[in-house]
Asker: 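Pasting a structure here, questions to come.
These figures come from a predicted structure and were not determined experimentally. Within every chain, numbering begins at 1; the chains are lettered A, B, ... in the order of the sequence lines, protein sequences first and strands thereafter.
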Amino acid sequence: MAYWLMKSEPDTFGIDHLKKRGTEPWSGVRNYQARNFMRDKMKEGDLAFMYHSSCENPGIYGLMRIATKSYPDPTQFERKSPYYDAGSKREEPRWWLVDVKYQRHLKTPILLTALREHQEKLRGLRLLMRGDRLSVSPVSAEHWNYILSLE
DNA sequence: GCCAACGTTGGC
DNA sequence: GCCAACGTTGGC
């Protein structure tokens, strides 16, 4: 089983929204590297941190389970969607996603500032690497367990 | 294939 | 709102 970190803006869709919805397609990823992780590497049953970005206290707020295999992101074909991509063909979809299922809120959020205090133990965690803005990134089992131990 | 211009992300 | 860092686009 693999572990992941997925970023979302809580004003748009955060862990509270996911709790209400139960399961939700992770739509709107329009970065090739992030897409490749979802399309090629994610497996049903994998676990992911939900990370809140672009907000007052960026950090990890909850846990999710990958609920499906990857499939084409339907929003790329919806003309009125902000994620519409005129260049993507149905026979050869450009953007892929998975469904995520709510697991739980963290007892207390693990903020970015707290993660930074553990740079040594978290060496290689993409979230902490300079300039890395990937919205979907892998987390090693060691990093996953260490981060959860900070809860 | 180079690279300047532009757009986006995301912390602060 | 600013801006650093990175990705994408498109002219040449």
Side-chain angles (χ1 to χ4, degrees), chain A residues 2-21 24-42 46-66 70-140 142-144 146-151:
Chain A
Y3 301 95
W4 306 94
L5 182 143
M6 301 169 83
K7 295 181 185 174
S8 189
E9 300 188 11
D11 293 346
T12 307
F13 192 85
I15 191 70
D16 294 336
H17 298 98
L18 183 61
K19 183 177 187 178
K20 278 186 211 139
R21 307 275 294 183
E24 185 78 1
W26 199 262
S27 57
V29 170
R30 294 295 180 265
N31 170 281
Y32 288 105
Q33 248 187 304
R35 177 208 67 181
N36 291 348
F37 284 132
M38 284 203 291
R39 188 186 62 182
D40 306 332
K41 303 293 185 195
M42 277 188 177
D46 285 356
L47 289 170
F49 289 129
M50 182 181 249
Y51 178 90
H52 286 181
S53 66
S54 296
C55 58
E56 192 173 349
N57 295 114
I60 296 166
Y61 281 74
L63 304 184
M64 315 184 280
R65 190 170 288 279
I66 307 307
S70 61
Y71 61 96
D73 182 344
T75 63
Q76 70 194 303
F77 303 120
E78 295 166 6
R79 285 190 169 278
K80 54 194 180 339
S81 167
Y83 304 123
Y84 178 64
D85 182 349
S88 182
K89 292 175 285 188
R90 286 195 182 267
E91 321 82 74
E92 200 183 338
R94 185 176 289 170
W95 305 111
W96 295 66
L97 52 63
V98 296
D99 287 1
V100 295
K101 184 171 192 290
Y102 176 81
Q103 291 291 111
R104 66 176 178 87
H105 280 64
L106 295 194
K107 298 182 193 86
T108 56
I110 302 172
L111 301 183
L112 179 60
T113 50
L115 291 170
R116 288 228 173 89
E117 289 169 14
H118 298 267
Q119 291 270 8
E120 292 297 304
K121 292 282 185 131
L122 297 176
R123 192 185 306 274
L125 183 68
R126 298 197 62 146
L127 179 72
L128 297 182
M129 294 172 76
R130 188 179 67 106
D132 202 311
R133 301 165 308 173
L134 264 191
S135 63
V136 176
S137 60
V139 177
S140 71
E142 291 74 17
H143 287 165
W144 177 273
Y146 184 75
I147 291 169
L148 273 185
S149 78
L150 302 175
E151 187 181 7

Asker: Please work out which of the three classes, parallel, tilted or perpendicular, describes the rings of A/Phe49 and A/Trp144, given edges at 30° and 60°.
Answerer: parallel

Asker: Going 5' to 3' on DNA chain C, which nucleotide is the first and which the last to come under 4.0 Å of a heavy atom in chain A?
Answerer: C/dA5 to C/dT8

Asker: State which residues pass ring-ring contact (aromatic ring centres under 6.0 Å, His included) with A/Phe77; sequence neighbours excluded, sorted by chain then number.
Answerer: none

Asker: Using the ring-ring contact (aromatic ring centres under 6.0 Å, His included) rule, collect all pairs that involve residues 97-117 of chain A, keeping only residues at least two apart or in two chains.
Answerer: A/Tyr102-A/His105

Asker: If you take the centroid of each ring, where Trp contributes its six-membered ring, are A/Trp95 and A/Tyr71 closer together than 6.0 Å?
Answerer: no

Asker: Which donor-acceptor pairs under 3.5 Å do the side chains of residues 130-139 of chain A make with protein atoms, sequence neighbours left out?
Answerer:
from	atom 1	to	atom 2	distance (Å)
A/Asp132	OD1	A/Leu134	N	3.2
A/Asp132	OD2	A/Arg126	NE	2.9
A/Asp132	OD2	A/Arg126	NH2	3.0

Asker: Base, sugar-phosphate, or nothing for A/Ser53, non-hydrogen atoms under 4.0 angstrom?
Answerer: sugar-phosphate

Asker: Quick one: salt bridge (charged side-chain N to carboxylate O under 4.0 Å, His left out) partners of A/Arg65, sequence neighbours excluded?
Answerer: none

Asker: Identify the two heavy atoms, one from A/Met129 and one from A/Gly124, that lie closest to each other, and give their separation to 0.1 Å.
Answerer: SD-O, 3.7 Å

Asker: Under 4.0 Å from any atom of DNA chain C, heavy atoms only: list the residues of residues 110-131 of chain A that qualify, in numerical order.
Answerer: A/Arg130, A/Gly131

Asker: Looking at CG of A/Asp11 and NE2 of A/His52, how far apart are the two atoms once the value is rounded to the nearest 0.5 Å?
Answerer: 9.5 Å

